[in-house]
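Presented below is the structure to which this report refers.
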2 protein chains.
Amino acid sequence: MSNNHFKKGELYSFITGKASTAIARRLQKKFNAAGLNITIEQWSVLYHLWKEDGRSQQQLCNATFRDKPSITRLVDNLEKLNLVKRVASESDRRINLIYLTKQAQKLEEETMQIADDTLNEALKTVPPERIDVCKEVLQIVYDNLK
Amino acid sequence: MSNNHFKKGELYSFITGKASTAIARRLQKKFNAAGLNITIEQWSVLYHLWKEDGRSQQQLCNATFRDKPSITRLVDNLEKLNLVKRVASESDRRINLIYLTKQAQKLEEETMQIADDTLNEALKTVPPERIDVCKEVLQIVYDNLK
DNA sequence: TTTGGATAGTTGCACAAACAACTATATGTC
DNA sequence: GACATATAGTTGTTTGTGCAACTATCCAAA
C-alpha cells in the first residue's frame with residue numbers, strides 16, 4: 001500500500017513546485033539582465049528546436065508538455081520576435097514545421113550558458129549523487145502522471 | 001568547484017518543473033471531477049489559511065511565494081466564490097486580514113484527502129528514502145535561490 | 001467516391017504571473 | 001508637527017495556461 005508517507009506539512013512544496021519556480025524566476029532575471037528579450041517559456045521552445053530544427057507544433061507540444069493552444073501562442077510570439085518561422089509541410093498540409101531564424105541560432109550558446117550557471121547556483125551545495133536521486137524521482141513522478 | 005554536473009540534456013526538466021506541473025494538473029483534474037470549483041492556486045491560498053486563519057495578504061505572499069498583485073487577485077477570486085473575507089486590521093489600516101468562510105472550512109478535509117491521493121499516485125513506485133532525498137534537494141534549491 | 005473519424009492547428013474565454021506605477025497608511029527623525 | 005521613507009495593497013499591461021469549440025486536412029472503410 002504505497003507510501004502513506006506524506007504528512008500534510010510536506011506535500012505543499014511538491015505540488016506547488018517552489019523549487020522549479022525559483023529556478024525559472026532566477027533564469028528569467030538573468031535573461032533580462034543580459035538584455036535577452038525572451039521569456040522562459042519561449043526559451044523552452046527554442047531549446048527543443050536547437051536540438052532538432054523543423055519540428056511540428058504537435059511535436060513541440062509533446063516535447064514541452066504543453067497543449068496545442070499554448071504552443072500556437074508561443075510560436076505566434078516567437079514569430080513576432082523573428083526567432084522562428086512557420087513553414088507549411090509539403091506532405092501534409094495540416095502541419096506547420098517550425099524553423100529557427102539565424103537570429104535564434106545565435107541565442108543558443110549564450111542562453112545555454114546562462115541556464116547552466118543558474119542550475120549551478122541552485123545546486124551548488126548539493127552533492128552530485130543526491131542530484132541524481134532527485135532527478136530520478138522527478139522523472140518517475142512525471143512518468144506516473146503524464 | 002561546484003558541480004559542472006549538468007549536461008545539456010539534463011537541465012531542461014529541472015528548469016521547467018515538469019514533475020510539479022504534472023502533479024498540479026492531475027490534482028486540478030481531481031478537483032474538477034469531484035465538482036470542486038476551485039483552482040490549484042486558490043487551493044494553495046486556502047491551504048495556508050487552514051493552517052492559520054486571518055493572515056494578511058503580505059503573509060500570504062510569503063507563504064505562497066507569490067507577489068502582491070497575484071495575491072490581490074487570488075483573494076479577489078476567492079472572495080467572489082465566498083470562500084474568504086477581507087477584514088481591515090484594527091491596529092494597522094493598511095492591512096487586510098483574510099478569513100475563511102464556513103464554506104471554505106468545509107473544503108479542507110476533502111481537498112487534503114485528494115491532494116494526498118494525488119501525491120501517492122505520483123510517488124507510489126518511489127521508496128520513501130529516495131523521496132526524502134528529493135525533498136531535501138528541492139528545499140536546498142529553493143533556499144539557494146529565494 | 002463518399003463519408004466518418006482522427007489529427008493539426010486556431011480562436012475565445014477565464015484564470016494566473018511578473019512587472020511597473022499607483023494610493024493609502026504607518027513610522028522614524030528633525 | 002512635518003517630512004521622508006517604508007510598507008500594504010490595488011490596478012494596468014503583457015504573457016502564458018487550460019479547456020472547449022471550431023476549421024482544415026488526412027485517411028480508411030464501405
Side-chain angles (χ1 to χ4, degrees), chain A residues 16-18 20-33 36-46 54-81 83-84 86-98, chain B residues 16-18 20-33 36-45 55-81 83-84 86-98:
Chain A
T16 56
K18 278 161 75 164
S20 57
T21 302
I23 292 174
R25 268 187 219 167
R26 177 65 59 95
L27 182 55
Q28 181 71 67
K29 284 204 165 73
K30 284 178 185 284
F31 280 177
N32 296 343
L36 297 170
N37 185 30
I38 58 172
T39 67
I40 300 308
E41 294 82 1
Q42 290 164 1
W43 176 82
S44 80
V45 172
L46 297 178
R55 299 196 192 203
S56 71
Q57 293 189 199
Q58 183 58 55
Q59 288 174 316
L60 290 172
C61 290
N62 301 335
T64 63
F65 195 41
R66 289 183 168 86
D67 69 356
K68 291 191 292 179
S70 294
I71 290 296
T72 291
R73 277 138 185 160
L74 285 174
V75 171
D76 285 349
N77 287 337
L78 284 166
E79 245 184 349
K80 279 182 206 154
L81 292 169
L83 294 174
V84 305
R86 282 177 168 97
V87 178
S89 164
E90 307 250 315
S91 61
D92 184 339
R93 295 199 300 167
R94 292 170 304 179
I95 294 178
N96 290 336
L97 301 176
I98 311 301
Chain B
T16 56
K18 278 161 72 164
S20 57
T21 302
I23 292 174
R25 266 186 222 169
R26 177 65 58 94
L27 182 55
Q28 182 70 67
K29 283 203 166 74
K30 283 179 186 285
F31 280 178
N32 296 345
L36 296 169
N37 186 30
I38 58 172
T39 66
I40 301 307
E41 294 83 1
Q42 290 164 2
W43 175 82
S44 80
V45 172
R55 299 196 191 201
S56 71
Q57 295 188 198
Q58 184 58 55
Q59 288 174 316
L60 290 172
C61 291
N62 301 335
T64 63
F65 196 40
R66 290 183 168 86
D67 68 357
K68 292 190 291 179
S70 295
I71 290 296
T72 292
R73 277 141 184 159
L74 284 173
V75 172
D76 285 348
N77 287 336
L78 285 166
E79 245 184 348
K80 279 183 207 152
L81 292 169
L83 293 174
V84 306
R86 281 179 168 96
V87 178
S89 164
E90 307 250 315
S91 61
D92 184 338
R93 294 199 300 167
R94 292 171 302 180
I95 295 177
N96 289 336
L97 302 175
I98 311 302

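Below, read A as the first sequence line, B as the second, and so on, with proteins coming before strands; counting in each chain starts at 1.
If you check every strand for non-hydrogen atoms under 4.0 Å, Gln28(B) touches nothing. Using a 4.0 Å heavy-atom cutoff across all strands shown, Thr72(B) reaches at least one base atom of the nucleic acid. Backbone-only contact: Leu74(B) has heavy atoms under 4.0 Å from sugar-phosphate atoms and none from a base. Residue-level contact check: Asp76(B) touches neither bases nor backbone, having no heavy atom under 4.0 Å from any strand.
If you take CD1 on Ile71(A) and CG on Asn96(A), they are separated by 12.0 Å, rounding to the nearest 0.5 Å. Here the straight-line distance linking atom CD1 of Ile40(A) with atom CD of Gln42(A) works out to 9.5 Å at 0.5 Å rounding. Here the straight-line distance linking atom CD of Glu41(B) with atom OG1 of Thr39(B) works out to 4.5 Å at 0.5 Å rounding. Atom-to-atom distance recorded for Ile38(A):CD1 and Leu81(A):CG is 8.5 Å, nearest 0.5 angstrom.
A straight line from CD of Gln58(B) to P of dA6(D) spans 16 Å, rounded to a whole angstrom. We find that CD1 of Ile38(A) is positioned 10 Å from P of dG16(D), with the value rounded to whole Å. Ile71(B) has its CD1 atom 13 Å from the C1' atom of dT10(D), to the nearest Å. Between Asn32(B) atom CG and dT17(D) atom C1' the separation is 14 Å, expressed in whole Å.
Comparing Lys29(B) and Glu41(A) against DNA chain D, the residue whose closest nucleotide sits nearer the 5' end is Glu41(A). With the nearest nucleotide of DNA chain D identified for both Lys80(A) and Arg25(B), Lys80(A) has the one nearer the 5' end.
Using a 4.5 Å heavy-atom threshold, the side chains of Phe65(A) and Thr16(B) count as separate.
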Identify all pairs in which a protein N or O lies below 3.5 Å from an N or O of nucleotides 25-27 of chain D, and state each distance.
{"residue": "dT25(D)", "atom": "O2", "partner": "Arg94(A)", "partner atom": "NH1", "Å": "3.4"}
{"residue": "dC26(D)", "atom": "OP1", "partner": "Arg93(A)", "partner atom": "N", "Å": "2.9"}

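Within residues 61-70 of chain A, the residues approaching DNA chain D are Arg66(A), Asp67(A), Pro69(A), Ser70(A), by heavy-atom distance under 4.0 Å.
Scanning for side chain to side chain donor-acceptor pair (under 3.5 Å) contacts around Lys30(A) gives Glu121(A), with sequence neighbours left out. With sequence neighbours left out, Thr64(A) forms a side chain to side chain donor-acceptor pair (under 3.5 Å) with no residue at all. The side chain to side chain donor-acceptor pair (under 3.5 Å) check on Arg55(A) picks up nothing, with sequence neighbours excluded. In this structure, the side-chain contact (heavy atoms from CB on, under 4.5 Å) partners of Ser56(B), at least two apart in sequence or on a different chain, are Gln58(B), Gln59(B), Ile95(B), Leu97(B). In terms of the side-chain contact (heavy atoms from CB on, under 4.5 Å) criterion, residue partners of Arg94(A) (sequence neighbours excluded) are, by chain and number, Asp92(A). With sequence neighbours excluded, the residues satisfying side chain to side chain donor-acceptor pair (under 3.5 Å) with Gln28(B) are Asn32(B).
On the nucleic acid side, DNA chain C contacts chain B at distances under 4.0 Å to non-hydrogen atoms, with the end points of that region at dC15(C) to dA26(C).
Residue pairs meeting the salt bridge (charged side-chain N to carboxylate O under 4.0 Å, His left out) criterion with at least one partner in residues 64-76 of chain B, sequence neighbours excluded, are Asp76(B)-Arg86(B).
With hydrogens and angles left out, the side chain of Arg73(A) and the base of dG18(D) share a donor-acceptor pair within 3.5 Å.
Contact annotation: Asn77(A) side-chain N/O to dG16(D) OP1/OP2 distance is under 4.0 Å.
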